[in-house]
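Quick note on labels: first sequence line is chain A, next is B, and so on, each numbered from 1. What you see is a predicted model; the values in this text were computed from it and never measured.
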Protein chains: 2
Amino acid sequence: MREGPDIARIAALVADPARSAMLIALMDGRALTATELAGLGGITKQTASSHLAKLVEGEVLVVEAQGRHRYFRLAGPHVASLLEALMVFSSDAAPPLRTGPRDPALRKARICYDHLAGEMGVRLFERMQADHWLADDLTVTTRGREKLAEIGLDLEKLPSSNRPLCRACLDWSQRRQHLAGRLGKAILDQLLARSWARRLPASRVLSFTPEGERIFNGWLR
Amino acid sequence: MREGPDIARIAALVADPARSAMLIALMDGRALTATELAGLGGITKQTASSHLAKLVEGEVLVVEAQGRHRYFRLAGPHVASLLEALMVFSSDAAPPLRTGPRDPALRKARICYDHLAGEMGVRLFERMQADHWLADDLTVTTRGREKLAEIGLDLEKLPSSNRPLCRACLDWSQRRQHLAGRLGKAILDQLLARSWARRLPASRVLSFTPEGERIFNGWLR
DNA sequence: CGAATGGTTCGGTTAGGATCGAACCATGAG
DNA sequence: CTCATGGTTCGATCCTAACCGAACCATTCG
């Protein structure tokens with residue numbers, strides 16, 4: 001009975017239905033208040049408060065106090081990764097290999113923490129690799145810089161942090177990888193800023209405008 | 001309170017200390033019997049039996065009956081991925097950025113389900129990419145075939161299955177990626193077959209012989 | 001055929017934790 | 001200041017699930 005890392009402790013944090021509902025709600029990277037989360041979890045605010053305290057204590061969430069509100073947010077991308085890893089399970093329950101969620105819109109394009117996921121996210125990432133925007137070690141090539149500039153992205157202008165520029169993230173619905181990291185976030189931000197797409201309220205679905213989708217496809221050639 | 005996939009249910013399966021201990025013990029890809037697992041979990045066999053039934057029911061484990069023994073095994077690589085995703089947490093608890101396990105041997109080389117992980121696994125994967133053994137889409141190049149042939153691996157001879165040939169797996173201790181998939185397994189098998197390394201009993205540690213390590217390093221140039 | 005060993009089932013006990021009502025503290029609005 | 005609102009703390013209740021002892025089933029071995 002040697003004991004490895006304390007898997008069970010953090011798994012237990014996710015194991016409660018109310019808590020997991022709140023976590024899923026936070027997967028789009030937004031920060032929500034305690035009462036909003038209470039509603040989403042289907043519980044009273046007292047109970048939610050207790051749950052949220054535990055999640056913060058366990059470093060799954062972080063809080064940001066602002067006036068009389070307290071905003072809760074996922075502690076980082078690794079939390080989103082964990083949640084997606086869990087979703088991989090619940091999805092492929094029954095038949096041979098129908099993976100992911102039923103909602104076609106959610107399969108097509110959605111937000112994963114702070115970057116683009118779903119079919120379009122996977123296509124983008126694979127295109128970036130195949131067309132050598134990214135080198136093998138996931139650094140951005142000269143060609144990559146040019147292409148990114150086409151949609152107004154300048155790598156030098158990205159906020160710096162110790163978070164990696166590019167990271168691969170396993171896609172829940174696709175079972176393939178999409179782009180995360182600071183660049184992944186920047187691209188999503190740009191999609192929204194240019195109004196090529198917008199997030200549907202209270203969901204992780206990302207809805208492309210017809211024009212936005214046309215341009216996006218053209219951008220990938 | 002819209003509900004996504006049933007994250008909580010499977011998280012709950014991992015959330016019990018006894019169960020998580022058993023799961024971690026299975027992470028090296030072996031198949032163990034119920035009583036062995038009971039011992040590792042620190043519980044009686046009745047209790048273990050109940051736990052194991054739940055894990056099988058939840059499709060986290062699979063059983064294989066053989067005579068009067070029942071061998072339990074992880075249901076697939078996605079389970080190992082989930083467990084590593086959980087470990088990412090419990091490891092970086094305290095200081096700035098000391099990730100992963102304390103045991104140096106475990107950091108250096110270990111078995112993740114059925115492939116090589118740890119520093120050596122990460123180095124191998126990055127070398128394979130940098131030196132173009134693998135293309136951007138993780139298919140094996142001609143050069144890759146040549147290099148693999150050097151250690152006696154013939155891709156045509158690999159057992160076929162619908163499992164992908166190459167997949168990236170996020171490394172728990174390194175926070176970078178290493179190679180999984182059928183090829184990842186084949187390489188580990190080869191390391192063991194050639195006696196370049198052997199697995200330490202009752203642990204995930206992979207111990208390279210001095211000669212094996214020398215050859216391995218030479219193979220990566 | 002017993003006897004031994006691996007595993008499961010059943011019943012009763014116990015502990016942990018999720019829940020809510022109610023009271024309480026803090027901030028912001030009027 | 002007073003009131004409304006967001007959030008936490010406290011106490012009591014209730015339910016689930018982990019646990020083990022004991023009995024039971026199945027397989028192998030002598």
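Partners of B/A75 according to the side chain to side chain contact (heavy atoms under 4.5 Å, CB included) rule, which considers only residues two or more places apart in sequence or in another chain, are B/V62, B/V79. For A/I215, the side chain to side chain contact (heavy atoms under 4.5 Å, CB included) criterion is met by A/W196, A/E211, not counting sequence neighbours. B/E213 is linked by a side-chain hydrogen bond (donor to acceptor under 3.5 Å, both in side chains) to B/K108, counting only residues two or more places apart in sequence or in another chain. Residues that satisfy the salt bridge (charged side-chain N to carboxylate O under 4.0 Å, His left out) test with B/E156, not counting sequence neighbours, are B/R145. A search for salt bridge (charged side-chain N to carboxylate O under 4.0 Å, His left out) contacts involving B/R198 returns nothing, not counting sequence neighbours. Under the salt bridge (charged side-chain N to carboxylate O under 4.0 Å, His left out) criterion, A/R73 pairs with A/E64, sequence neighbours left out.
Rounded to whole angstrom, the span from the CZ atom of A/R70 across to the C1' atom of D/dG6 amounts to 11 Å.
Atom CG of B/D154 sits about 9.5 Å away from atom CG of B/L148, to the nearest 0.5 Å.
If you walk DNA chain C from 5' to 3' and mark each nucleotide with an atom closer than 4.0 Å to a heavy atom of chain B, the marks span C/dA4 to C/dT9.
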Which atom pairs, one a donor and one an acceptor, fall under 3.5 Å between side chains of residues 8-22 of chain B and the rest of the protein, sequence neighbours left out?
residue, atom, partner, partner atom, Å
B/D16, OD2, B/A18, N, 2.9
B/D16, OD2, B/R19, N, 3.2
B/R19, NE, B/L13, O, 2.7
B/R19, NH1, B/H51, ND1, 3.0
B/R19, NH2, B/A12, O, 3.1
B/S20, OG, B/D16, O, 3.4
B/S20, OG, B/P17, O, 3.0

Atom pairs and distances, donor-acceptor, side-chain atoms in residues 37-46 of chain B, under 3.5 Å, two or more places apart:
residue, atom, partner, partner atom, Å
B/T44, OG1, B/Q46, OE1, 3.0
B/T44, OG1, B/T47, OG1, 3.0

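For B/R123 (side chain) and B/E119 (main-chain N/O), no donor-acceptor pair under 3.5 Å exists by modelled atom type.
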Look for any protein N or O under 3.5 Å of an N or O in nucleotides 15-18 of chain D and output each such pair with its distance, or none.
residue, atom, partner, partner atom, Å
D/dA18, OP1, B/R19, NH1, 3.3
D/dA18, OP1, B/R19, NH2, 3.0
D/dA18, OP2, B/K54, NZ, 2.5

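For the helix from C/dC1-D/dG30 to C/dG30-D/dC1, the axis fitted to the five pairs at one end and the axis fitted to the five pairs at the other end meet at an angle of 20° (nearest 10 degrees).
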